[in-house]
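Notes follow once the structure below has been shown.
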Amino acid sequence: HVDYIAMQDTGGMIQGADAAHLPQPDADNTLELNFRRLLYSTERRVSDVQHAAALGPQDGFLIPAAKLAHYIQTLRDQLADLERGSGMRSVPRDRLTLYQQHVEELAARVPQVQPPAYR
């Protein structure tokens, strides 16, 4: 569970296993802070879905996987906004590259689920 109020109070600092290697976001760049919050949330949800997938097929598994695909697309859209400099301040190129790599790693971890055939 992430305390988003606390994240806001600490300038959006994200504490997580995978997020630890990412540099701190610019506390004045709202777009970057929102991107990092979604990145962290997606990271947690991917881990939860992977854990559920490892337990075997379950009802309702398709919905979280579909939501994750939407989250990944939203991360890609926000990253494109960051690359265009749509935030208050521009984000350094090396940080954008790290963000892009992280998003693609998450996308690769999203389980590909085949919906059941209709009869």
Side-chain angles (χ1 to χ4, degrees):
H1 178 301
V2 176
D3 185 352
Y4 290 102
I5 306 271
M7 283 176 58
Q8 188 173 18
D9 292 342
T10 60
M13 294 186 334
I14 296 175
Q15 304 299 321
D18 292 337
H21 73 278
L22 294 175
Q24 290 291 44
D26 182 356
D28 294 330
N29 189 333
T30 305
L31 183 59
E32 184 179 10
L33 292 176
N34 289 337
F35 172 82
R36 289 290 294 265
R37 288 181 183 120
L38 181 59
L39 184 67
Y40 178 76
S41 176
T42 304
E43 193 173 86
R44 294 287 306 248
R45 290 173 192 260
V46 166
S47 294
D48 291 346
V49 168
Q50 283 183 316
H51 178 70
L55 297 176
Q58 299 176 10
D59 292 339
F61 179 71
L62 295 174
I63 293 171
K67 281 186 179 182
L68 284 175
H70 176 71
Y71 286 6
I72 295 293
Q73 185 57 49
T74 302
L75 282 167
R76 288 176 175 147
D77 293 344
Q78 288 183 356
L79 187 58
D81 290 342
L82 286 170
E83 288 173 342
R84 283 192 297 272
S86 298
M88 292 174 60
R89 295 184 179 178
S90 63
V91 178
R93 174 65 44 200
D94 59 333
R95 192 180 311 165
L96 289 172
T97 301
L98 284 173
Y99 288 163
Q100 183 176 16
Q101 290 170 349
H102 202 76
V103 169
E104 295 311 315
E105 287 171 9
L106 283 174
R109 290 174 41 202
V110 173
Q112 300 301 314
V113 179
Q114 191 71 338
Y118 290 101
R119 295 178 187 226

Provide the closest heavy-atom pair for [X] versus [Y] in the form atom of the first, atom of the second, distance.
X     : Y     : answer
Leu33 : Pro25 : CD2-CG, 3.8 Å
Leu75 : Leu39 : CD2-N, 3.6 Å
Tyr99 : Pro23 : OH-O, 4.3 Å
Gln78 : Phe35 : OE1-CA, 3.1 Å
Arg36 : Gln24 : NH1-C, 4.1 Å

Any donor-acceptor N/O pair, Glu32 side chain to Asp26 backbone, under 3.5 Å: yes
Donor-acceptor contact below 3.5 Å, side chain Ser41 vs main chain Arg37: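 No, Ser41 side chain to Arg37 backbone: no donor-acceptor pair under 3.5 Å.
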Rounded distance (nearest 0.5 Å) linking atom CD of Gln100 with atom CD of Glu83: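 Between Gln100 CD and Glu83 CD, I get 6.0 Å after rounding to 0.5 Å.
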Inter-residue atom distance Leu82.CG - Asn34.CG, 0.5 Å rounding: 9.5 Å
Glu104: side chain to side chain donor-acceptor pair (under 3.5 Å) partners, not counting sequence neighbours: Arg76
4.5 Å side-chain heavy-atom contact, Leu96 and Leu79: yes
Heavy-atom check, side chain of Val46 versus side chain of Thr42, under 4.5 Å: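 They are in contact (side-chain heavy atoms under 4.5 Å apart), so the answer is yes.
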Any residue meeting side-chain contact (heavy atoms from CB on, under 4.5 Å) with Asp77, in chain and number order, not counting sequence neighbours: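 Counting only residues at least two positions away or on another chain, Asp77 forms a side-chain contact (heavy atoms from CB on, under 4.5 Å) with Gln73.
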Electrostatic pair Asp48:Arg45 at N-O distance under 4.0 angstrom: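 Salt bridge between Asp48 and Arg45, a charged N being under 4.0 Å from a carboxylate O: no.
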